[in-house]
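First comes the structure, then the notes that go with it.
None of these values were measured; they are calculated from a predicted model.
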Amino acid sequence: MATSSNDESDSSADEPVFETAAVTKPSAPRPKKIRFPVIKQIRKQEEEEEKDLVSYVKSEAKPITISFVAHVVLFVLLSFVVMSKGTGGGVGGGGMEWFSPVIGAPDGGMGSGESGAGTGPGAGEGPISITTVVSSVPGSGGGTPDGATTTGEGAGPVKGASSGPPGGVKPAGAGGKLGGRGARFRNGMLQDAAGDRRDTVRSCIDRGMSWLVRQQKAGGNWKLHEGYPDPADRILRTDTGATALALLALLGDGNTQVEGPHKDAVRKGLSWLKSIQKKDGDYHDHEELGRETAFYAHSQALIAICEAYALTGDPSLRESADRGLAFLLASQHPIDGGWRYQPQDRESMGDLSVTGWCLMAMNTARMANIEVPLEPFNRVSIFVDSVESQNGARYRYLPNYPASRATNAMTAEGLLCRQWLGWPKGWPAMLDGVKTLRNPDSAPEWAVGRRNVYEWYYAAQVLHNLGGDDWKQWYGRVQYLLVENQVKAGSRKAGEDIVGSWNPYVSQRGGDKQYGVKEEQAERAGRHYITALCLLILETPYRHTPIYDEEPAK
C-alpha cells in the first residue's frame with residue numbers, strides 16, 4: 001500500500017471467465033470503529049503543503065498581479081462589446097453562461113462555476129450509488145465506443161490542452177493480460193527477462209512468498225503495523241491494505257484460491273476481504289473520514305478480488321467486485337477525475353498517487369470482463385492532464401504543485417496511466433518521459449537517499465509494456481539489487497520473522513537506521529509494504545502481459 005508524503009509525492013501491480021447468476025452475499029458484520037488522531041494528521045499535512053505553496057505564490061505575485069489587472073481590463077472591454085451586440089442593443093442580450101473559473105489554478109483553487117456546498121459523492125451520509133451510466137468499455141475491448149466524447153458532459157474548462165494523441169481516450173485492451181501467470185508461461189517469461197539468473201530470481205520470489213504466508217493471521221488477514229520487526233507506523237494501520245498487497249503478490253505469482261502452492265492463503269485472504277466490505281461497497285477497514293490509507297486500500301482490495309475472479313470465474317466474487325467498483329466510480333471527482341483520501345466532491349482535489357491505483361482497479365475489472373463506463377476513464381485523463389509538465393513527459397503529485405516538483409516516481413506513474421488510457425507506443429511525450437527514467441542519474445541503486453521501490457514498481461510496468469533493450473537492461477539491474485538485498489538468514493520465530501522479506505531500511509549502524517528517498521515512505525510503511533512491492537517488481541515479466549502486445553497470451 002502506498003502512503004502519503006508531505007514533500008514530493010504520495011508514495012506513500014485468466015483467461016477463464018464464466019457467465020454466472022448473481023449470488024447473494026451473506027451480510028457481513030460491520031467492523032469495529034477504531035479511533036485515531038487522523039483529522040489532526042491530515043490538517044498538519046495540508047498546512048505543510050500550503051507552506052510550500054506560499055513561497056511559490058510569493059515568487060509569482062508580481063507577474064500574477066500584472067496578469068490579473070490586464071485580464072480585468074480585457075473583461076470589462078468584452079462586456080461592453082457583448083452588451084452592445086444584445087437584442088435591440090439591450091443589456092440582457094449578451095449572456096455570460098460560458099464563463100467559469102479555471103480548474104486546478106496554482107493557488108489551489110478548484111472552482112467549478114458553482115457556489116455553495118459540494119454536491120458530489122461524499123457530500124452526504126449513507127451508501128453512495130451511481131446514478132448515471134454512459135457508454136461502457138467491455139472487459140475484452142480496447143477501443144472507444146462510437147460517439148463517445150473525450151471529456152465529461154458539462155465538465156467545464158480544464159487548464160491547458162491535452163498533450164495526448166488525437167482521438168481521445170481509448171483504454172488499453174484488457175483481454176488476456178493475466179495469461180502469463182500460468183505455469184507454462186511464467187518460467188519462459190522470467191527467462192526472457194532475467195536470462196541465466198532466472199533460477200536465482202525464482203528462488204528469491206519463493207522465499208518472499210513463504211515470508212508473506214507465514215505472516216497471515218488465523219482470520220485470513222495480514223497486518224501492516226505489527227507482527228514482525230520494523231512494521232508500519234500505527235497511524236497507517238489498515239489490515240485491508242496489508243491483506244490486499246499480500247494477495248496481489250500471491251496472485252501475481254500464479255496462486256489462486258483453487259490452485260497453486262499457496263491457494264489456502266489466497267482463499268482465506270479473499271474471504272476476509274469480502275467479510276469486511278461495507279454495504280456501500282467500500283473495502284477499507286476503518287470508518288474515519290479522510291484516512292490517507294482509505295482509497296489505496298480499497299483500490300488494491302478491488303484489484304485482488306477482480307484478479308481472482310478473472311483467473312477462476314468464481315461466482316462468489318462477482319457481487320463483491322460489482323459493489324466495490326460501484327463505490328470506486330461514485331467516489332471519483334465529478335469534474336476533475338481524480339481520487340484521494342475520501343470520496344471526492346466539487347470542492348476537493350485528487351492526487352496522482354491514489355488515482356493511479358484507482359485506474360488500475362478499473363482496468364482490472366475489465367480484465368475480469370466486468371464492464372466499466374467510459375466516462376470515468378475520460379475524467380481520469382482530465383486529471384492526468386492537470387498534473388503533467390513538459391508536454392506530458394513529466395508528472396507531479398498534485399495539480400497545484402509547480403512543474404518543478406515533478407518527480408521520477410510520479411512521472412513513472414503518470415506514464416503508466418497514459419499507457420492504460422491509450423497512448424500509442426511511440427508517442428513522443430512517452431518516449432521523452434522514458435528517457436528521464438533511464439537517465440544514468442536515475443539508475444536504480446540500493447543506497448541511502450537513492451533507493452525508491454515505489455518508483456521502481458511503476459517504472460517496471462512502463463518499461464515492460466514498451467519492451468526492448470530499455471526494459472531488459474533496467475530489469476537486469478533491479479532484479480540483481482532485489483535478490484542481493486533480500487534477507488536470507490535470521491529468525492523465523494513469530495514476531496521476529498524476517499527471512500525472505502526486505503528490510504525497509506537500507507543500512508543500519510548501531511541503532512541508527514538509514515533509508516532510501518523520503519518519497520519511498522519505507523520508514524512509515526514498513527517491512528510488509530516494502531516486501532510486497534519488491535515481489536511485485538520481480539513478478540513484472542509475467543504478472544501482466546505487455547499492453548502493446550499484438551497478440552496477448554492465451
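In terms of modelled atom types and a separation under 3.5 Å, the side chain of H298 and the main chain of G324 share a donor-acceptor contact. Under the 3.5 Å distance criterion, the side-chain polar atoms of D233 are left unmatched by any main-chain donor or acceptor of L236. Panel note: side chain T531, backbone H528; no donor-acceptor pair is recorded below 3.5 Å. At distances below 3.5 Å, not a single donor-acceptor pair connects side-chain atoms of S271 with backbone N or O atoms of K268. At distances below 3.5 Å, not a single donor-acceptor pair connects side-chain atoms of R524 with backbone N or O atoms of A232. The main-chain N or O of L482 is found under 3.5 Å from a side-chain atom of W502 such that the two form a donor-acceptor pair. In terms of modelled atom types and a separation under 3.5 Å, the side chain of D282 and the main chain of H284 share a donor-acceptor contact. Looking at R379, its side chain never comes within 3.5 Å of a backbone N or O of D336 through a donor-acceptor pair. With hydrogens and angles ignored, the 3.5 Å screen pairs no side-chain donor or acceptor of H286 with any backbone N or O of A294. With hydrogens and angles disregarded, a donor-acceptor distance shorter than 3.5 Å links the side chain of K177 to the backbone of P546.
A 4.5 Å side-chain heavy-atom check between D432 and Q390 finds every atom pair outside the cut-off. Between L250 and M209 there is a side-chain heavy-atom pair separated by less than 4.5 Å. Using a 4.5 Å cut-off on side-chain heavy atoms (C-beta onward), Q332 and V380 make contact. Between W211 and Q486 the shortest side-chain heavy-atom distance does not fall below 4.5 Å. Side chains of R181 and L251 form a contact here, defined as non-hydrogen atoms less than 4.5 Å apart. You'll find the side chain of E484 stays beyond 4.5 Å of the side chain of W446, heavy atoms only. You'll find the side chain of R340 stays beyond 4.5 Å of the side chain of S348, heavy atoms only. When side chains are defined from C-beta on, V354 does not count as touching E292, because their heavy atoms never get closer than 4.5 Å.
Listed here is the closest heavy atom pair of N465 and Y548: O-CD1, 3.2 Å. Closest heavy-atom contact between A172 and Q419: CB-O, 3.7 Å. Residues N391 and A429 come closest through the heavy atom pair O-CB, 3.2 Å. The shortest non-hydrogen separation linking G516 to V506 is N-CG2, 3.5 Å. Heavy-atom minimum distance, A368 versus C306: CB-O, 3.6 Å. Nearest heavy atoms, F327 versus G281: CB-C, 3.9 Å.
In summary, the side chains of Y283 and S320 do present a donor paired with an acceptor at a separation below 3.5 Å, with no hydrogens or angles considered.
With sequence neighbours excluded, no residue forms a salt bridge (charged side-chain N to carboxylate O under 4.0 Å, His left out) with R207. Every residue meeting the salt bridge (charged side-chain N to carboxylate O under 4.0 Å, His left out) condition with K513, not counting sequence neighbours, appears here in chain and number order: D230. Partners of R477 under the salt bridge (charged side-chain N to carboxylate O under 4.0 Å, His left out) rule, at least two apart in sequence or in another chain, do not exist in this structure. Remark: N221 engages K217, K223, D239, T243, W272 in a side chain to side chain contact (heavy atoms under 4.5 Å, CB included) (not counting sequence neighbours). Residues satisfying the salt bridge (charged side-chain N to carboxylate O under 4.0 Å, His left out) test with E445, not counting sequence neighbours, are R450. When the side chain to side chain contact (heavy atoms under 4.5 Å, CB included) test is applied to P424, the partners found at least two apart in sequence or on another chain are P165, W427. Partners of A361 under the side chain to side chain contact (heavy atoms under 4.5 Å, CB included) rule, at least two apart in sequence or in another chain, are S299, L302, I303, L328. Listed by chain and number, the residues in a side chain to side chain contact (heavy atoms under 4.5 Å, CB included) with S442 are N408, N439 (sequence neighbours excluded).
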When you look at D322 and I370, which way does the side-chain contact (heavy atoms from CB on, under 4.5 Å) test go after all the steps?
CA-CA 8 Å; D322 285 340; I370 299 172; 3.8 Å; yes

Residue pair Q257, D314: steps toward the side chain to side chain donor-acceptor pair (under 3.5 Å) verdict
CA-CA 9 Å; Q257 68 274 33; D314 182 350; 3.3 Å; yes

One pair to check against side-chain contact (heavy atoms from CB on, under 4.5 Å): T355 and E413. What are the steps and the verdict?
CA-CA 9 Å; T355 299; E413 185 168 3; over 6 Å; no

Between Y454 and M410, does the side-chain contact (heavy atoms from CB on, under 4.5 Å) criterion hold? Intermediate values first, please.
CA-CA 9 Å; Y454 188 61; M410 291 297 96; 3.9 Å; yes

Begin with the C-alpha distance, continue with both residues' side-chain angles, and end with the deciding distance and a verdict on side-chain contact (heavy atoms from CB on, under 4.5 Å) for K425 and L466.
CA-CA 7 Å; K425 185 175 183 178; L466 295 171; 3.7 Å; yes

Decide yes or no on side chain to side chain donor-acceptor pair (under 3.5 Å) for E307 and T364, but give the supporting numbers first.
CA-CA 7 Å; E307 284 191 358; T364 308; 5.0 Å; no

Ignoring hydrogens and angles, write down the donor-acceptor pairs under 3.5 Å from the side chains of residues 469-476, residues two or more places apart or on other chains.
{"residue": "D470", "atom": "OD1", "partner": "R438", "partner atom": "NE", "Å": "3.2"}
{"residue": "Q473", "atom": "OE1", "partner": "R438", "partner atom": "NH2", "Å": "2.9"}
{"residue": "Y475", "atom": "OH", "partner": "L538", "partner atom": "O", "Å": "2.8"}

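Applying the salt bridge (Lys or Arg N to Asp or Glu O under 4.0 Å) test to residues at least two apart or on different chains, the pairs with a partner in residues 194-206 are R202-D206, R202-D253. Listed by first then second residue, pairs satisfying salt bridge (Lys or Arg N to Asp or Glu O under 4.0 Å) with a partner in residues 451-467 read R451-E520, not counting sequence neighbours. Note on residues 230-265: no pairs pass ring-ring contact (aromatic ring centres under 6.0 Å, His included), not counting sequence neighbours.
In this structure, the separation between CD1 on I205 and CG on L536 is 10.0 Å, given to the nearest 0.5 Å. Rounding to the nearest 0.5 Å gives a distance of 7.5 Å between CG of D385 and OH of Y395. The distance from atom CD1 of I547 to atom CG of N363, rounded to the nearest 0.5 Å, is 7.0 Å.
Checking each of Q215, R527, R492 against D497 for a side-chain hydrogen bond (donor to acceptor under 3.5 Å, both in side chains) leaves exactly one that passes, namely Q215.
No more than 12 heavy atoms of other residues, nucleotides or ligands shown are found within 6.0 angstrom of NZ on K435. Residue Y480 qualifies as open at atom OH: its count of foreign heavy atoms under 6.0 Å is 12 or below.
Using a 4.0 Å cut-off between a side-chain N of Lys or Arg and a carboxylate O of Asp or Glu, R234 and E226 qualify as a salt bridge.
Using cut-offs of 30° and 60° for the angle between ring planes, the W357 and Y458 rings count as perpendicular.
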